Amino acid sequence: MTSAVPNKSDLEHMTPTFRLIHRFLSYYRPFLSILLFDLFCAALTTLCDIVLPLIVRFITNTAMNDIAALTVGKILSMGGIYLALRLVDAAANFYMSSYGHIMGTYMETAMRRDLFASLQRQSFSFYSETKIGQVMARITSDLFDVTEFAHHCPEEFFIAAIKIAASFAILCTMSVPLTLIIFCVIPLMVWTTRFFNKRMRAAFLAGRRQIGEINAQVEDSLLGIRVVKSFANEHMEEEKFARGNNDFEKIKRTQYFYMAGFNTSTRLFDGIMYLLVVVSGSLFLIRGSITAADLVAYLLYVTTLLTSVRRIVEFTEQFQRGITGVERFYQLLDAPVEIQDKVGAEEYVDVKGAVTFDNVSFKYSGESRDVLTHINLEVKPGESVALVGPSGGGKTTLCSLIPRFYDVTSGAIRVDGHDVRDLRVHSLRRRIGVVQQDVYLFSGTIFDNIIYGRPGATREQVIEAAKMADAHKFIEQMPHGYDTHIGERGVKLSGGQKQRISIARVFLKNPPILILDEATSALDNESEWVVQQSLERLAKGRTTFTIAHRLTTIRNATVIWVLTDEGVVEQGTHAELLARRGVYYDLYHQYMEAV
């Protein structure tokens with residue numbers, strides 16, 4: 001879990017706001033015309049606030065100097081001007097409220113697209129070290145706040161800049177000394193707001209991380225709800241959730257503490273500025289340095305100035321939410337992609353299926369111990385290779401290096417003479433099919449899951465692949481056949497049915513190289529026999545790597561590799577290895593006794 005409150009490290013590791021906004025500007029580029037017109041409308045909306053004090057000043061001065069000069073016509077003309085400005089303000093505000101928000105939505109959509117594309121490029125190691133709940137928080141709730149930020153940030157600061165600049169210029173025409181006195185307070189206000197802003201942002205960042213932790217914990221608990229209920233551990237899950245929820249509560253308390261300090265200091269400066277205007281303005285009025293009409297207009301402009309500051313204050317919470325969302329967006333977008341195409345990478349064509357392990361060693365990132373050490377093996381096209389050995393010996397890891405799910409630490413893996421790192425990743429993986437023990441089916445229909453193996457295939461090709469996988473018969477018996485929805489992760493199907501659908505998916509893909517990762521170990525005997533027949537049809541004519549737990553399924557393999565933490569200690573056919581009476585002999589007899 002993350003710390004319950006933002007610490008010094010949070011403050012030190014935050015990306016400077018200017019740098020974040022500078023990068024974020026690129027997302028405005030496609031919508032520059034909308035943004036510019038939005039800012040033009042924002043300028044129009046400030047006219048009413050700027051002009052009203054001038055109208056009041058004109059009427060007051062005219063009345064004090066010559067009441068007879070203040071005719072009904074002049075009053076109505078002033079009222080007409082102000083009404084026209086209000087109509088312009090209404091039209092401009094409508095555009096800002098509609099198209100301004102739509103622009104923010106466009107930008108959110110573009111950012112979510114870029115982030116999802118970046119996540120698709122990430123390697124297995126990234127997902128081994130990253131909680132999906134954290135990723136979900138960044139791609140959903142974080143970007144919701146960015147929408148409002150993208151729209152209101154330029155608007156609010158642009159309006160505030162116009163009002164402050166206009167107020168300063170107009171106030172100087174009334175009284176330069178009084179204006180300088182008022183604006184001397186602003187630097188102190190800026191310093192105070194920066195102090196609270198920095199800590200508010202750190203608190204919002206900690207809150208983002210913590211809500212990601214909560215999402216991850218909820219996802220973990222709900223996906224494992226069957227395990228939770230089977231062990232009657234609902235109370236344990238509630239306690240785990242309560243700890244994370246209470247940490248989030250502490251962070252929110254810290255957020256609101258700094259927000260309260262920010263708002264209170266701003267209100268205090270409001271009072272100080274009004275006090276300065278009233279006291280100093282009255283003294284200047286006594287000395288004749290300012291007229292009564294100017295003092296009234298002065299107070300109105302100070303009100304306009306403080307209203308602008310107050311709007312910025314009210315926007316600050318939204319700004320901090322938005323900027324922390326932008327920061328977390330770029331943190332994820334900038335995460336290094338370990339497995340990617342090198343410059344000049346080639347397409348994998350003329351595939352035969354030969355695979356060579358040339359002095360291959362591998363260890364996982366952050367680990368000190370090698371999982372594989374100096375592996376030298378060669379597989380000819382169409383050969384069937386079985387990998388056996390104790391758990392943790394590196395069987396799955398060795399096979400995962402072929403499609404570059406991970407890159408070797410040293411040495412090289414070659415397919416048909418090509419180093420896999422010299423081939424385009426997408427091209428390489430299109431030629432390799434993987435059937436795993438833990439089958440993952442997407443939420444949708446059976447047809448959707450099979451055609452995933454080759455998007456664009458015809459329905460007839462999908463059905464033929466299902467027949468080859470011995471899945472067509474049970475699919476036809478489903479309520480809607482191939483169009484039956486199977487629920488999240490195929491929850492409506494049995495283990496054998498899910499496995500046969502995954503095999504049909506690989507049949508449709510039709511890869512020359514095949515990896516079977518303990519594909520039958522989780523099935524009952526009847527399902528295993530059916531699936532095994534499907535796998536044998538699938539493996540025919542392909543270079544096949546079979547990671548086996550049930551040793552009776554690999555008797556007909558071309559070669560068996562016995563892999564331990566010391567590397568490949570034995571290799572040969574089933575009969576040869578039994579005759580050798582070594583590690584494989586012991587494993588086989590242990591398995592037969594257990595059966």
Side-chain angles (χ1 to χ4, degrees), residues 14-51 84-121 138-169 197 201 204 208 307-309 311-335:
M14 290 189 304
T15 306
T17 302
F18 175 78
R19 192 185 305 166
L20 284 173
I21 292 176
H22 183 263
R23 288 192 67 183
F24 186 63
L25 289 177
S26 63
Y27 282 98
Y28 283 104
R29 194 170 293 118
F31 317 109
L32 192 58
S33 58
I34 298 177
L35 175 64
L36 291 176
F37 195 71
D38 184 78
L39 293 179
F40 174 71
C41 289
L44 292 178
T45 61
T46 63
L47 284 176
C48 289
D49 294 331
I50 293 173
V51 170
L85 289 174
R86 275 298 176 192
L87 292 174
V88 171
D89 173 81
N93 189 69
F94 176 82
Y95 183 89
M96 291 163 60
S97 298
S98 56
Y99 282 95
H101 281 100
I102 291 170
M103 178 190 69
T105 302
Y106 289 157
M107 294 171 67
E108 177 193 352
T109 302
M111 292 174 73
R112 187 172 286 114
R113 176 202 64 216
D114 291 349
L115 192 55
F116 186 78
S118 174
L119 291 170
Q120 292 298 305
R121 291 191 295 270
R138 297 191 189 203
I139 204 169
T140 53
S141 58
D142 282 12
L143 292 186
F144 291 155
D145 290 325
V146 171
T147 300
E148 293 298 306
F149 169 83
H151 167 216
H152 289 292
C153 183
E155 264 182 23
E156 295 297 337
F157 285 108
F158 185 65
I159 290 172
I162 291 176
K163 286 186 176 180
I164 291 171
S167 297
F168 180 79
N197 263 340
R201 181 171 159 199
F204 278 117
R208 295 283 190 193
T307 300
S308 301
V309 173
R311 281 189 66 170
I312 292 297
V313 169
E314 291 168 358
F315 176 64
T316 297
E317 180 185 357
Q318 190 179 93
F319 178 86
Q320 294 303 336
R321 289 184 188 278
I323 202 67
T324 52
V326 170
E327 182 171 16
R328 280 164 58 84
F329 166 79
Y330 279 116
Q331 284 173 352
L332 196 52
L333 192 69
D334 294 341

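Given the structure is predicted, the values throughout are model-derived calculations rather than measurements.
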- Item | pair V146-M107: side-chain heavy atoms closer than 4.5 Å | no
message = With a sphere of 6.0 Å drawn around OH of Y99, does it hold more than 12 non-hydrogen atoms of other residues, nucleotides or ligands?
response = no
OH (Y330) with more than 12 external heavy atoms under 6.0 Å: yes
For this session: Check step by step if side-chain contact (heavy atoms from CB on, under 4.5 Å) holds for L333 and M111.
Result: CA-CA 10 Å; L333 192 69; M111 292 174 73; over 6 Å; no
* May I ask you to check whether F24 and Y28 place their ring centers less than 6.0 Å from one another? => yes
Q. Hey, is the main chain of T105 close enough, under 3.5 Å, to the side chain of T109 for a donor-acceptor pair?
A. yes
CD1 of I323 to CZ of R328, rounded to nearest 0.5 Å, is 13.5 Å
F329 and Y27 aromatic ring geometry - parallel, tilted or perpendicular at 30°/60° bounds
perpendicular
Margin query: Within the 4.5 Å heavy-atom criterion, are M96 and M103 side-chain neighbours or not?
Written below: no
So OG1 of T45 and CZ of F40: to nearest 0.5 Å the spacing works out to 11.0 Å
Correct closest heavy-atom pair for A92 and L44 would be CB-CB, 4.1 Å
Inset, instruction - Test side-chain contact (heavy atoms from CB on, under 4.5 Å) on H22 and R19 and set out the steps. - result: CA-CA 5 Å; H22 183 263; R19 192 185 305 166; 5.6 Å; no
Output a table of donor-acceptor pairs, distance under 3.5 Å, between side-chain atoms of residues 157-164 and any protein atom two or more places apart or on a different chain; print 'none' if there are none.
| unit_1 | atom_1 | unit_2 | atom_2 | d |
| --- | --- | --- | --- | --- |
| K163 | NZ | D49 | OD2 | 2.6 |

Nearest heavy-atom contact between Y106 and I34 is CE1-CD1, 4.3 Å
d(H101 NE2, H152 NE2) to nearest 0.5 Å is 3.5 Å
Is the shortest heavy-atom distance from the side chain of D334 to the side chain of R23 under 4.5 Å? yes
### Task
Take the angle between the ring planes of F319 and F149 and call it parallel below 30°, perpendicular above 60°, tilted in between.
tilted
What one should report as the nearest heavy-atom pair of L35 and P154 is CD1-CG, 3.9 Å
Any side-chain heavy-atom pair from L332 and I139 closer than 4.5 angstrom? no
Are V326 and I21 close enough that some pair of their side-chain heavy atoms sits under 4.5 Å apart? no
I'd like a table of donor-acceptor pairs (distance under 3.5 Å, sequence neighbours excluded) in which one partner is a side-chain atom from residues 84-91, with atom names and distances.
| unit_1 | atom_1 | unit_2 | atom_2 | d |
| --- | --- | --- | --- | --- |
| R86 | NE | Y82 | OH | 3.3 |
| R86 | NH2 | Y82 | OH | 2.9 |

Minimal heavy-atom distance between G104 and A150, with the atoms involved, is CA-CB, 4.2 Å
Rounded to the nearest 0.5 Å, the OG atom of S98 sits from the CG atom of N93 at a distance of 9.0 Å
